[in-house]
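Inspection log for the structure reproduced underneath, given as structure tokens.
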Amino acid sequence: MSDSNVRVRFAPSPTGPLHMGGVRTALYNYLFAKQLGGKFILRLEDTDQTRFVAGAEDYIVEALKWCGISPDEGVSVGGPHEPYRQSERKPMYRKYAEELIEKDLAYYAFDTSEELEAVRERAKEAGNANFQYNYITRNSMKNSLTLPAEEVQKRLESGEPYTIRIKLPRNEEVKFEDMIRGWVSVNTANMDDKILLKADGMPTYHLANIVDDHTMEISHVIRGEEWLPSAPLHIIMYQYFGWEAPQFAHLPLLLRPDGNGKLSKRDGDRLGFPVFPLRWENKETGDTASGYREQGFFPEAFINMLAFLGWSPGDNREMFVLDELVKEFSIPKVSKSGAKFDFEKAKWYNQQYLRKLSNEELATLLQPILEEKGVAVPAHDTFIRIIDLVKERAVFVEDIYEEGHFLFHEPRGYDEKSVSKKWKGEESAAIVRDLAARFEEEEFTAEALENNFKAYLAEKGLGFGQAGPVLRIAVVGTMTGPSAFEMMELLGKDETLRRMNKTIEDLA
RNA sequence: GGCCCGUUCGUCUAGCGGUCCAGGACAUCGCCCUUUCACGGCGAAGAUCACGGGUUCGAAUCCCGUACGGGUCACCA
């Protein structure tokens, strides 16, 4: 189990909360590694100091923890390849970039951001949609390939800022076999000399990523499809360094339910559902975004739902907890096309998991929710009976209260629609008055109450529709809910009659 | 715009040359259960497998083209 050479990593950039697409990427990596007895590593790609967001790292760690995805190595757990934050690995990258320069596979570039921008602007005006720093254009730029050696030396020694760019061949086909997509091929003529080392001395994603994946002995790179266009560059870099490249798998994107385009962090709650696993609060800006956990989702349901967005076991089964996913997951079965996220299906999953829980378990989960709402927690037996009566209409644990609040305490007033539709003034009040009188001397069981009620209907020649809804309104204030007689038994004689009498006064 | 990737019911998907005039799930609708609502059960509707060419005795499945969609083109990841 542990002698596997499989090592995968999830390497988010801590620029904010992790969104659900990121969680899915982490999940697939985790499933792949666990199935093969490999290691799952959590690495932080924080080389862009301008985009640092406080709290993002903790958020990522906590989100994965909530999902049950635990790293074998990485930030927060440590491991043999520490540190796992790229910012802390900064000193080691430069030498790799310089190694490439020595091999004439990279070069120093002195063009400033402003100059580059100007060049791009000019190219655009000339009708050239996108300028590429490549085999051709690098000859007219300021770099160690065009400048005299002495001048390059002088600039370097004077401390002038510079970047290091990779030197790509002019016209070479780069191929690699993606585990999901098969052979992908791109010509270097369509690529550009990407910056490997930035002027601030930090590596770009490309350099840091390749160096870290290699030094951390990553065997498989499973990441989002947005990386597919730069995969050929990475392949070339492995070749330049003389390293064996890992296997690649580019995952399909998670799409927004409305229209097109990938689901992004900015979608936030705009579409009526969370895009983040946990609630997020940016302490600096005060921005907040809701999370699945806080919405009442079970991590099992969230994970199950997420796993099926882009993957299926190949048959009709669709309920899988993490351990089962580990057994069944398969990269080749991951679909190639993006998946539109459907919140309704997410809720359905939650409902399925809720229904697996016992009344006792639900009570344990519901109790803190009631306390938070300031609702008195009923005596244990009563609590369990309420849960038993209401749980089948709940998607979230909280729904047990929402759907049956009138069993925990007095109804929150009367449901307008029910009253306007079914309550006929004095006529209805008379029925409730009659029933209250009959129930007074009744043993308070659902069965006895129902028999008594039926006897009353027969006596008066009333149809159920004339008295049933009225009774229900009198007891719980609305027309929906579990069996009226079951609820009355649960409420007990005193409370039931009290409510009935109160309703007569309120609505008569 | 260049390059790359993709395209089966509204949505997620099964399907990897014949068993598919395409199966499941969510959503929708109907019936039953319940003299309420929900749950549950049963059922319906819903995909000319993007389109057009090939290959083959035979294609949703293989090949080519077209269209459409997406991704990507930063000293961001």
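Worth saying up front: this structure is predicted, and the values here are computed from it rather than measured. Every chain is numbered from 1 and lettered A, B, ... according to where its sequence line falls, protein lines coming before strand lines. Keep in mind that the numbers below use all heavy atoms, side chains included, and drop hydrogens, waters and symmetry copies.
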Quiz item: Which listed nucleotide (B/rC26, B/rC12, B/rU36) is nearest to the side chain of A/Ser483?
Solution: B/rU36

Quiz prompt | Base-pairing assignment for B/rC42 (Watson-Crick or G-U wobble, both under 3.5 Å) | solution = B/rG30

Exercise. Can you tell me the distance, in whole Å, between the CG atom of A/Asn316 and the P atom of B/rG23?
Key: 11 Å

Practice problem: Please report, rounded to the nearest Å, how far the P atom of B/rU13 is from the CH2 atom of A/Trp348. | Solution: 15 Å

Exercise. Compare the minimum distances between each of B/rA25, B/rC12, B/rG71 and the side chain of A/Leu253, then state the nucleotide with the smallest one.
Key: B/rG71

Quiz item: Rounded to whole angstroms, how far apart are CD1 on A/Ile473 and P on B/rU36?
Solution: 15 Å

Exercise. Could you check how far NZ of A/Lys345 sits from C1' of B/rU28, rounded to whole Å?
Key: 14 Å

Quiz item: If you measure from the Lys or Arg side-chain nitrogens to the Asp or Glu carboxylate oxygens, is any gap between A/Lys454 and A/Glu450 under 4.0 Å?
Solution: yes

Exercise. Give a yes/no answer on whether the side chain of A/Arg120 brings an N or O atom under 4.0 Å of OP1 or OP2 in B/rA74.
Key: yes

Quiz item: Could you walk me through whether A/Tyr108 and A/Tyr162 pass the ring pair (Phe, Tyr, Trp, His ring centres under 6.0 Å) check?
Solution: CA-CA 6 Å; A/Tyr108 296 107; A/Tyr162 65 88; 5.2 Å; yes

Quiz prompt | Whole-angstrom distance between B/rA59 and B/rA50, as gauged at atom P | solution = 15 Å

Quiz item: What's the closest nucleotide to the A/Arg181 side chain, out of B/rC4, B/rC75, B/rG6?
Solution: B/rG6

Quiz item: Taking the side chain of A/Asp48 as its heavy atoms from C-beta onward, which of B/rC39, B/rU11, B/rC76 lies nearest to it?
Solution: B/rC76

Practice problem: Answer with yes or no whether the side chains of A/His250 and A/Arg223 bring together a donor and an acceptor at under 3.5 Å. | Solution: yes

Exercise. Using atom NZ of A/Lys124 as one end and atom C1' of B/rG1 as the other, report the distance to the nearest whole Å.
Key: 11 Å

Quiz prompt | Nearest listed nucleotide, side chain of A/Lys262, among B/rU72, B/rC5, B/rU36 | solution = B/rU72

Practice problem: For A/Glu177, look at atom CD and say whether over 12 heavy atoms of other residues, nucleotides or ligands are found less than 6.0 Å away. | Solution: yes

Self-check item: C1' gap between B/rC49 and B/rG43, integer Å
Solution: 25 Å

Self-check item: Counterpart base for B/rC68, defined by Watson-Crick or G-U wobble contacts under 3.5 Å
Solution: B/rG6

Practice problem: Verify the contact: side-chain N or O of A/Thr47 to OP1 or OP2 of B/rA77, cut-off strictly under 4.0 Å; return yes or no. | Solution: yes

Exercise. For the side chain of A/Glu450, starting at C-beta, report the closest nucleotide among B/rC26, B/rU36, B/rU35.
Key: B/rU35

Exercise. Indicate, with a heavy-atom threshold strictly under 4.0 Å, whether A/Ser418 touches base, sugar-phosphate, or nothing.
Key: nothing

Exercise. Among B/rU35, B/rA77, B/rC5, find the nucleotide with the atom closest to the side chain of A/Leu457.
Key: B/rU35

Quiz item: Does A/Lys333 have a side-chain nitrogen or oxygen under 4.0 Å from the phosphate oxygens OP1 or OP2 of B/rU13?
Solution: no

Practice problem: Determine the interatomic distance between P on B/rA47 and the same-named atom on B/rU11; round to the nearest Å. | Solution: 12 Å

Quiz prompt | Atom pair distance, as rounded to whole Å: NZ in A/Lys198 and P in B/rC75 | solution = 10 Å

Exercise. Select one nucleotide: of B/rC75, B/rU7, B/rC76, the one nearest the side-chain heavy atoms of A/Thr112.
Key: B/rC75

Exercise. Fit a plane to each ring of A/Phe176 and A/Phe248, take the angle between them on a 0 to 90° scale, and name the class: parallel (under 30°), tilted (30 to 60°) or perpendicular (over 60°).
Key: perpendicular

Quiz item: Under 4.0 Å between a Lys/Arg side-chain N and an Asp/Glu carboxylate O for A/Arg122 and A/Glu117?
Solution: no

Quiz item: Given atom CD of A/Glu225 and atom C1' of B/rC73, what is their separation to the nearest angstrom?
Solution: 15 Å

Quiz item: Base, sugar-phosphate, or nothing for A/Val390, non-hydrogen atoms under 4.0 angstrom?
Solution: nothing

Quiz item: Heavy atoms under 4.0 Å, any strand shown: does A/Phe308 hit a base, just sugar-phosphate, or nothing?
Solution: sugar-phosphate

Quiz item: Can you tell which of B/rA77, B/rG1, B/rA38 lies closest to the side chain of A/Ser13?
Solution: B/rA77

Quiz item: Can you check the A/Glu318 CD to B/rU11 P distance for me, whole Å?
Solution: 17 Å

Exercise. From the options B/rU36, B/rC5, B/rU8, select the nucleotide whose nearest atom is closest to the side chain of A/Leu228.
Key: B/rC5

Quiz item: When the nearest nucleotide of RNA chain B is assigned to A/Ser312 and to A/Gly465 on a heavy-atom basis, which residue is associated with the more 5' position?
Solution: A/Ser312

Quiz item: Taking for each residue the nucleotide of RNA chain B with the nearest heavy atom, is it A/Arg355 or A/Gly338 whose nucleotide lies nearer the 5' end?
Solution: A/Gly338

Quiz item: How are the rings of A/Phe297 and A/Phe396 set to each other: parallel, tilted or perpendicular (split at 30° and 60°)?
Solution: perpendicular

